[in-house]
Every structure is written in structure tokens, then in C-alpha cells.
Amino acid sequence: MPMHYPPLPDGTYRYGDPPQPLPSPVPASYTLIRTHETVVVLGVVFLGPGSDPGRGTDPSRGPFPQALPPAERAPGSGSFTVDGTFTVVSTPAEPVSGDRTGCDLPITLSDIGEGTTITLIDSGAAQIGTAMLVYSGGDLSSCTFTFEFPDVPAGGSFYMVELPGRGQLTYTEGELRAGVDITLGR
């Protein structure tokens with residue numbers, strides 16, 4: 001059974017702990033992809049150039065991102081709504097297709113579909129809220145779902161959107177306000 005080291009609540013890893021089994025099913029051909037700078041696959045954060053969602057990349061601290069302490073929320077900073085899309089794209093080995101009435105996904109993606117729960121987590125690893133995927137359409141090689149997180153507290157240093165068993169993506173408040181666009185597949 002494939003194993004991995006799950007992240008600690010603060011987003012760091014302690015490699016001395018025994019590895020945990022990967023959630024099932026997680027086909028190797030599918031990864032979460034974000035069209036901006038940050039991609040998280042199976043709980044590992046990869047930061048691209050110019051990104052800093054509350055994590056430092058100070059050269060004196062090493063080449064890998066380090067978790068920084070959570071920023072305090074500004075009093076009275078309000079809340080906002082996050083609108084998002086989640087698109088599942090075909091791979092050669094696992095075809096996906098949709099039309100205006102529904103989506104046809106392979107058995108390896110049986111954990112995804114109308115009603116799948118997606119979670120928003122703040123920089124302190126506290127759950128802010130959950131949303132359910134709602135099917136919005138598809139074509140011969142993809143299916144698209146939408147979701148919404150209302151009343152998200154403003155002022156967090158970063159936020160994470162998590163699809164259980166598929167990984168987490170890290171966003172700044174500005175990125176969340178602009179809308180979330182997640183793709184699963186190649």
C-alpha cells in the first residue's frame with residue numbers, strides 16, 4: 001500500500017513519524033492543478049516563483065518553504081464570499097465526459113461528483129466552512145462543478161481549499177476574493 005507523511009496542523013512535516021497509508025482511491029494519473037503559482041499534491045506544498053501565501057522562502061532558512069506563524073486578523077475586517085470552479089479533465093487512461101445533464105467519470109474518480117464536500121481551512125488549520133460541488137456542465141473531455149464558501153473571515157495570512165483524499169491548495173485572501181479555479185487531471 002502506498003504511504004505518505006501527512007502534514008502537521010501548521011503545514012510542516014515531521015519525517016521521524018511513521019508514514020500513513022494514502023487515502024483510497026488516489027490514481028497516480030490524477031493530481032490537483034492550480035493555474036497560478038501554488039500546487040499541492042497529496043498534502044505536499046510546491047511553491048512557484050513569486051508566490052508567498054504566508055510561507056517564507058528566506059535563503060538563510062533553507063530552500064524549502066517554511067510555515068510562518070499565523071497573522072492576526074484585523075478587528076472588524078469583515079468577511080467575503082469565495083466562488084469557485086472544480087474541473088475534472090480526461091486522461092488517456094481514464095476518460096471523462098459530460099453534457100448539460102450529467103458527468104460520466106471512471107470508477108477511480110467515484111469520490112468526486114455532485115454533492116462531494118470541499119473544505120476551506122484557515123492558516124491556523126481551523127476549518128472555516130464546507131461547500132458541496134454542484135455540477136454545472138461538461139464536454140467530451142471534462143466535467144465542471146461549482147462551489148461557494150460564504151462568510152469567509154477576512155484577514156487570514158493564507159487559506160487552504162481541501163478536497164479530502166486529493167490534496168490541498170493554498171491561497172491568499174486576494175486570490176480567494178478573485179475566485180478559485182481548480183483542475184483535477186492532466
Side-chain angles (χ1 to χ4, degrees), residues 1-7 11 20-53 55 65 80-121 127-150 152 158-186:
M1 167 176 274
M3 305 294 271
H4 78 298
Y5 293 94
Q20 303 294 315
L22 282 175
S24 175
V26 179
S29 62
Y30 278 90
T31 57
L32 290 177
I33 300 170
R34 182 172 150 204
T35 57
H36 300 291
E37 306 84 28
T38 306
V39 176
V40 178
V41 180
L42 302 176
V44 179
V45 177
F46 298 94
L47 295 173
S51 65
D52 186 10
R55 295 178 180 270
F80 60 97
T81 297
V82 176
D83 293 311
T85 60
F86 186 89
T87 304
V88 182
V89 180
S90 259
T91 65
E94 296 175 308
V96 172
S97 66
D99 58 24
R100 59 184 172 83
T101 61
C103 183
D104 185 23
L105 296 170
I107 191 76
T108 56
L109 297 174
S110 63
D111 61 319
I112 297 174
E114 180 96 5
T116 297
T117 301
I118 192 166
T119 306
L120 183 63
I121 302 167
Q127 181 175 312
I128 295 172
T130 61
M132 294 175 76
L133 296 180
V134 176
Y135 183 69
S136 66
D139 58 30
L140 293 175
S141 63
S142 68
C143 293
T144 300
F145 302 86
T146 59
F147 60 91
E148 176 182 279
F149 295 109
V152 175
F158 66 92
Y159 302 82
M160 292 179 285
V161 175
E162 177 182 44
L163 183 64
R166 299 278 177 182
Q168 298 173 335
L169 298 172
T170 305
Y171 295 87
T172 64
E173 181 178 326
E175 292 169 331
L176 285 182
R177 287 179 182 269
V180 174
D181 185 18
I182 301 171
T183 300
L184 180 65
R186 291 186 184 186

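The structure presented is a predicted model; accordingly, all values stated were derived computationally and were not measured.
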Before you tell me yes or no, could you show the steps for Ile112 and Leu163 under side chain to side chain contact (heavy atoms under 4.5 Å, CB included), namely the whole-Å CA-CA distance, both residues' side-chain angles and the distance that decides it to 0.1 Å?
CA-CA 9 Å; Ile112 297 174; Leu163 183 64; 4.1 Å; yes
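- Between Arg100 atom CZ and Ser136 atom OG the span is 14.5 Å, to the nearest 0.5 Å.
- The line from CZ of Phe147 to OG1 of Thr130 is 12.0 Å long, rounded to the nearest 0.5 Å.
- Summarising the geometry, atom CG belonging to Asp139 is positioned 10.0 Å from atom CG belonging to Asp99; distances are rounded to the nearest 0.5 Å.
- Taking the six-membered ring where tryptophan is involved, the planes of Phe80 and Tyr159 are perpendicular, since the angle between them exceeds 60° and thus also 30°.
- The nearest pair of heavy atoms linking Asp83 to Glu148 is OD1-OE1, 3.1 Å.
- The two residues Ser97 and Cys143 make their nearest non-hydrogen contact at O-SG, 3.3 Å.
- Minimum interatomic distance between Pro106 and Glu94 (heavy atoms only, all atoms of both residues): CG-CB, 3.8 Å.
- Looking at Leu120 and Leu176, their side chains come closer than 4.5 Å, going by heavy atoms from C-beta outward.
- In this structure, CD1 on Ile182 lies 4.0 Å from OH on Tyr171, to the nearest 0.5 angstrom.
- In this structure Thr85 satisfies the side-chain hydrogen bond (donor to acceptor under 3.5 Å, both in side chains) test together with Asp181, sequence neighbours excluded.
- For Ser142 (side chain) and Val89 (main-chain N/O), no donor-acceptor pair under 3.5 Å exists by modelled atom type.
- Thr144 meets the side-chain hydrogen bond (donor to acceptor under 3.5 Å, both in side chains) test with Thr87; sequence neighbours excluded.
- Of all the heavy atoms in Tyr135 and Gly98, the pair that sits closest is OH-CA, 3.6 Å.
- The two residues Arg166 and Thr108 have their closest heavy-atom pair at NH2-O, 3.1 Å.
- Taken from CG in Leu169 to CD1 in Ile118, the straight-line distance is 8.0 Å, to the nearest 0.5 Å.
- Looking only at side-chain heavy atoms (C-beta outward), Ile128 and Met160 stay at 4.5 Å or farther from each other.
- Closest non-hydrogen pair, Thr170 versus Glu175, comes out as O-OE1, 4.2 Å.
- Counting only heavy atoms from C-beta outward, the side chains of Phe86 and Val180 never approach each other to under 4.5 Å.
- The side-chain hydrogen bond (donor to acceptor under 3.5 Å, both in side chains) check on Asp104 picks up nothing, with sequence neighbours excluded.
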